[in-house]
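What follows is a single structure, written as structure tokens, with notes after it.
Computation of the quantities below employed the complete heavy-atom set of this structure, encompassing side-chain atoms and omitting hydrogens, waters and symmetry-equivalent molecules. Because the structure is predicted, anything quoted here is derived from the model rather than measured.
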Amino acid sequence: MMADFANDWYRAALLLSIPIVWCLVCLILSWASGWWVLADHYLASQAEVDLSASRTDRRKAYMRTGMIGPINYHSTLNFVAVPEGLRISVFFPFRLGHPPLFIPWDAFTNRREDNKLFSHRIKMSIGQPAITRVVFPGWVKYEMPPG
């Protein structure tokens with residue numbers, strides 16, 4: 001009887017710990033990547049989110065891979081490019097600690113292409129002075145104004 005209670009308690013504790021560990025991992029990744037610092041400077045307002053969603057001159061890309069700081073967000077980044085800038089968000093299950101960002105095009109500095117065998121990417125810094133380095137899909141380069 002006591003062994004059954006211990007097994008039930010162990011199972012319940014294990015099931016409760018999974019979402020707690022998931023939340024901790026998401027928060028640690030957002031801190032390690034520099035997302036929190038970017039959110040201090042480039043947090044997307046609800047008006048910017050609504051505007052970028054309703055515009056016809058936007059380009060959307062969902063569940064794409066990119067790097068922010070040293071963290072590789074593999075197939076979890078969502079991008080919406082509009083003439084004013086780039087909105088970046090994280091796919092829902094990983095969103096904790098990652099509020100949507102809206103980064104104006106002039107905040108991207110030190111742009112350079114980073115082409116690998118089967119991928120076309122662009123490396124940049126965000127902010128002046130640089131807050132963090134990012135690596136985004138190559139199509140972002142074609143949405144940016146020249147300069």
Side-chain angles (χ1 to χ4, degrees), residues 1-82 84-105 107-111 114-144:
M1 181 76 160
M2 188 65 165
D4 289 341
F5 176 75
N7 282 339
D8 290 342
W9 183 87
Y10 176 75
R11 287 184 186 124
L14 183 63
L15 286 175
L16 286 174
S17 68
I18 291 171
I20 292 170
V21 169
W22 183 271
C23 292
L24 280 173
V25 167
C26 288
L27 291 171
I28 290 168
L29 289 175
S30 69
W31 173 79
S33 70
W35 196 287
W36 283 3
V37 179
L38 287 173
D40 284 343
H41 294 87
Y42 303 109
L43 184 64
S45 67
Q46 189 59 43
E48 288 167 331
V49 171
D50 294 340
L51 179 65
S52 63
S54 65
R55 294 179 67 154
T56 57
D57 60 344
R58 71 184 190 280
R59 179 161 181 201
K60 302 182 292 186
Y62 297 113
M63 297 180 69
R64 302 295 182 188
T65 298
M67 287 184 71
I68 298 178
I71 305 301
N72 186 354
Y73 288 88
H74 186 71
S75 299
T76 58
L77 294 177
N78 300 321
F79 297 98
V80 178
V82 295
E84 296 80 22
L86 186 67
R87 186 170 72 85
I88 308 167
S89 60
V90 174
F91 183 61
F92 172 70
F94 307 98
R95 192 169 292 163
L96 183 66
H98 296 87
L101 305 174
F102 185 83
I103 303 172
W105 292 123
F108 291 100
T109 59
N110 302 323
R111 304 179 204 170
D114 181 44
N115 297 325
K116 302 290 183 198
L117 185 60
F118 293 108
S119 68
H120 180 70
R121 307 179 316 172
I122 183 169
K123 285 185 176 182
M124 304 173 281
S125 295
I126 298 177
Q128 194 65 7
I131 296 170
T132 192
R133 300 268 308 150
V134 296
V135 180
F136 288 155
W139 68 267
V140 171
K141 176 180 83 168
Y142 300 110
E143 301 298 320
M144 302 174 98

Whether Asn110 side chain and Met124 backbone form a donor-acceptor pair below 3.5 Å:
no
Results of ring pair (Phe, Tyr, Trp, His ring centres under 6.0 Å) for Trp105 - residues two or more places apart only:
Phe108
Go through the structure and list residues passing ring pair (Phe, Tyr, Trp, His ring centres under 6.0 Å) with Tyr73, not counting sequence neighbours.
Trp35, His98
Taking only residues two or more places apart in sequence or in another chain, which ones pass salt bridge (Lys or Arg N to Asp or Glu O under 4.0 Å) with Arg121?
Asp114
According to salt bridge (Lys or Arg N to Asp or Glu O under 4.0 Å), does anything in residues 129-142 pair up with another residue at least two apart or in another chain? List the pairs.
Glu113-Lys141
Just to verify, what does Thr65 make a side-chain hydrogen bond (donor to acceptor under 3.5 Å, both in side chains) with, not counting sequence neighbours?
His74
Using the side-chain hydrogen bond (donor to acceptor under 3.5 Å, both in side chains) criterion, which residues pair with His120? Sequence neighbours excluded.
Asn115
Under the side-chain hydrogen bond (donor to acceptor under 3.5 Å, both in side chains) definition, can you give me all pairs with a residue in residues 12-28, not counting sequence neighbours?
none
Only counting residues at least two apart or in another chain, list the ones meeting side-chain contact (heavy atoms from CB on, under 4.5 Å) with [X].
X	result
Ile28	none
Ala32	Ile71
Leu24	Ile20
Trp139	Arg59, Ala61, Phe79, Ala81, Pro137, Glu143

Considering non-hydrogen atoms only, spot the tightest contact between Leu16 and Pro19 and give its length.
O-CD, 3.3 Å
